[in-house]
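Sequence lines set the chain letters: A, B, ... in the order given, protein chains first and strands last, and positions in each chain run from 1.
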Amino acid sequence: MVYTRLETIRMPELPEVETVRRILEERLKGLKLTSYELGRPTFYRAPPKASLDALLGATLEAVRRRGKYLILSFSGGKELTLHLGMSGRIVLGGKGPHTRFQFTVEGQVVSFNDARRFGRVGCELPEFGPEPLSAEFSPSYLFKTLRKRKAPIKAMLMDQAIVAGLGNIYATEALFEARIRPGKAAGALSRADCERLTAAIKKVLALGVELGGSTLEDSAYLDPLGRPGGFQDRVAIYGRKTGLCGHALKATRKTISGRTSLYCPVCQQ
DNA sequence: ATAGGCGCCTGTAAGC
DNA sequence: TGCTTACAGGCGCCTA
């Protein structure tokens with residue numbers, strides 16, 4: 001497969017974070033946090049020691065996800081939030097490089113590693129739009145929300161306050177699937193567009209979750225057990241020069257949310 | 001309220 | 001071959 005240099009991008013989005021969530025919950029639920037250690041912090045401030053100290057001795061009751069955030073729920077109503085940023089990884093049973101935070105639950109070591117330091121530990125949760133895989137995220141919600149918006153549809157899809165969990169990979173794939181150009185003004189989408197787009201978003205995210213996320217190069221996303229995802233083998237356009245549709249793809253540089261966008265000029269009219 | 005731009009950070013690869 | 005530079009992006013923050 002021919003990749004452009006986009007292949008070097010790593011972005012944990014909803015499917016990757018959901019995969020991490022499932023593994024953590026399966027492996028760690030019911031265990032007691034016995035110690036923690038802070039490494040060199042990420043760009044965002046490290047959580048205050050007092051809030052981490054409060055977790056000592058608490059039992060991990062659930063691992064939840066909201067958008068791209070992981071929320072570890074402990075006994076006593078205590079929570080620890082994690083955001084993987086661009087390059088964050090959770091590693092079970094090992095250290096690895098760039099460890100920002102690490103904790104032990106009854107002998108099992110859990111490391112949060114993040115080379116690029118855009119990740120967060122113990123952060124506040126922002127305002128979110130609906131979960132894209134929920135019934136609340138519907139064609140009518142999307143149409144109503146976007147109706148008066150002038151920004152490009154791709155920027156709106158990556159706005160977590162509109163819908164929570166999409167990043168560049170899945171937004172790109174969903175727009176291709178729905179045959180909508182990323183630069184189209186969101187308010188110009190018809191009801192039919194919104195129906196196709198809602199279905200496309202749910203489809204690509206569900207497939208991403210099913211395949212355990214996407215790993216677009218050797219050192220990119222890996223799950224907490226070190227396993228790559230499978231969605232990269234199913235991408236239609238992301239990271240490619242020619243789409244699965246057989247057409248040469250177009251890349252626009254920094255015109256949408258300051259980011260590169262990719263689309264098929266033939267299929268996405 | 002919304003849209004757009006900047007900067008944080010560092011691994012990678014293109015360019016010289 | 002080795003060094004330099006541009007680039008990628010989620011998100012918060014700033015400005016108009």
Exercise. Check whether the ring centres of Tyr238(A) and Phe176(A) lie less than 6.0 Å apart, and answer yes or no.
Key: no
Quiz item: Which of parallel (below 30°), tilted (30 to 60°) and perpendicular (above 60°) describes Phe231(A) and Tyr170(A)?
Solution: tilted
Exercise. Let me see the working for Arg66(A) and Leu70(A) under side chain to side chain contact (heavy atoms under 4.5 Å, CB included), right down to the final yes or no.
Key: CA-CA 7 Å; Arg66(A) 185 75 174 93; Leu70(A) 283 169; over 6 Å; no
Quiz item: Starting at CE of Met86(A) and ending at C1' of dC7(C), how long is that distance when rounded to a whole Å?
Solution: 11 Å
Quiz prompt | side chain to side chain contact (heavy atoms under 4.5 Å, CB included) partner of Lys154(A), the single match among Ile180(A), Thr172(A), Thr252(A) | solution = Thr172(A)
Quiz item: If you draw a 6.0 Å radius around NZ in Lys78(A), do more than 12 non-hydrogen atoms from other residues or ligands fall strictly inside?
Solution: yes
Quiz item: What is the nucleic acid contact for Pro41(A), judged by heavy atoms within less than 4.0 Å: base, sugar-phosphate only, or nothing?
Solution: nothing
Practice problem: Please figure out whether Ser261(A) or Tyr69(A) has its closest DNA chain C nucleotide nearer the 5' end. | Solution: Ser261(A)
Practice problem: Give the rounded distance in Å between these two atoms: CG of Asn113(A) and C1' of dC9(B). | Solution: 16 Å
Self-check item: Enclosure of Gln269(A) CD (heavy-atom neighbours >12, cutoff 6.0 Å)
Solution: yes
Exercise. Starting from C1' on dC7(C), measure out to CG on Asn168(A) and report it in whole angstrom.
Key: 14 Å
Practice problem: Note down the inter-axis angle between the two ends of the helix from dT2(B)-dA16(C) to dC16(B)-dG2(C), five pairs each, to the nearest 10°. | Solution: 50°
Quiz item: Is a donor-acceptor contact shorter than 3.5 angstrom present between the side chain of Arg259(A) and the base of dA8(C)?
Solution: no
Quiz item: Within this structure, what is the CZ-to-P distance between Arg89(A) and dG11(B), rounded to whole angstrom?
Solution: 15 Å
Quiz prompt | Residue-level proximity of residues 153-160 of chain A to DNA chain C when a heavy atom falls under 4.0 Å | solution = Met158(A), Gln160(A)
Quiz prompt | Integer-rounded Å distance: dG9(C) C1' and Leu166(A) CG | solution = 15 Å
Quiz item: Taking OP1 and OP2 of dT10(B), is either one under 4.0 Å from a side-chain nitrogen or oxygen of Arg117(A)?
Solution: yes
Quiz prompt | Where Pro228(A) and Thr215(A) come nearest, the two heavy atoms and their spacing | solution = CA-OG1, 3.4 Å
Quiz item: When the ring planes of Phe103(A) and Phe74(A) are compared, do they come out parallel, tilted or perpendicular, using 30° and 60° as the limits?
Solution: perpendicular
Practice problem: Please check the phosphate of dA1(B) (OP1 and OP2 only) for any side-chain N or O of Lys150(A) closer than 4.0 Å. | Solution: no
Quiz prompt | Ile90(A) side chain near Asn113(A) side chain, heavy-atom distance below 4.5 Å | solution = no
Practice problem: Write down the distance between CD (Glu13(A)) and P (dA8(C)), rounded to a whole number of angstrom. | Solution: 16 Å
Quiz prompt | Contacts of Phe112(A) that satisfy ring-ring contact (aromatic ring centres under 6.0 Å, His included) - sequence neighbours left out | solution = none
Exercise. Counting heavy atoms from C-beta on, name the nucleotide in dC8(B), dT2(B), dG9(C) closest to the side chain of Phe43(A).
Key: dC8(B)
Self-check item: Arg149(A) vs Tyr44(A), nearer the 5' end of DNA chain B by closest nucleotide
Solution: Arg149(A)
Quiz item: Counting side-chain heavy atoms from CB outward, which of dC9(B), dG4(B), dG12(C) is closest to Pro126(A)?
Solution: dG12(C)
Practice problem: Using atom CD of Glu16(A) as one end and atom C1' of dG9(C) as the other, report the distance to the nearest whole Å. | Solution: 14 Å
Quiz item: Is the phosphate of dC9(B), meaning OP1 or OP2, less than 4.0 Å from a side-chain N or O of His98(A)?
Solution: no
Quiz prompt | Whole-Å gap separating P (dG9(C)) and NZ (Lys68(A)) | solution = 12 Å
Exercise. State whether His83(A) places a side-chain N or O below 4.0 Å from either non-bridging phosphate oxygen (OP1 or OP2) of dC11(C).
Key: yes
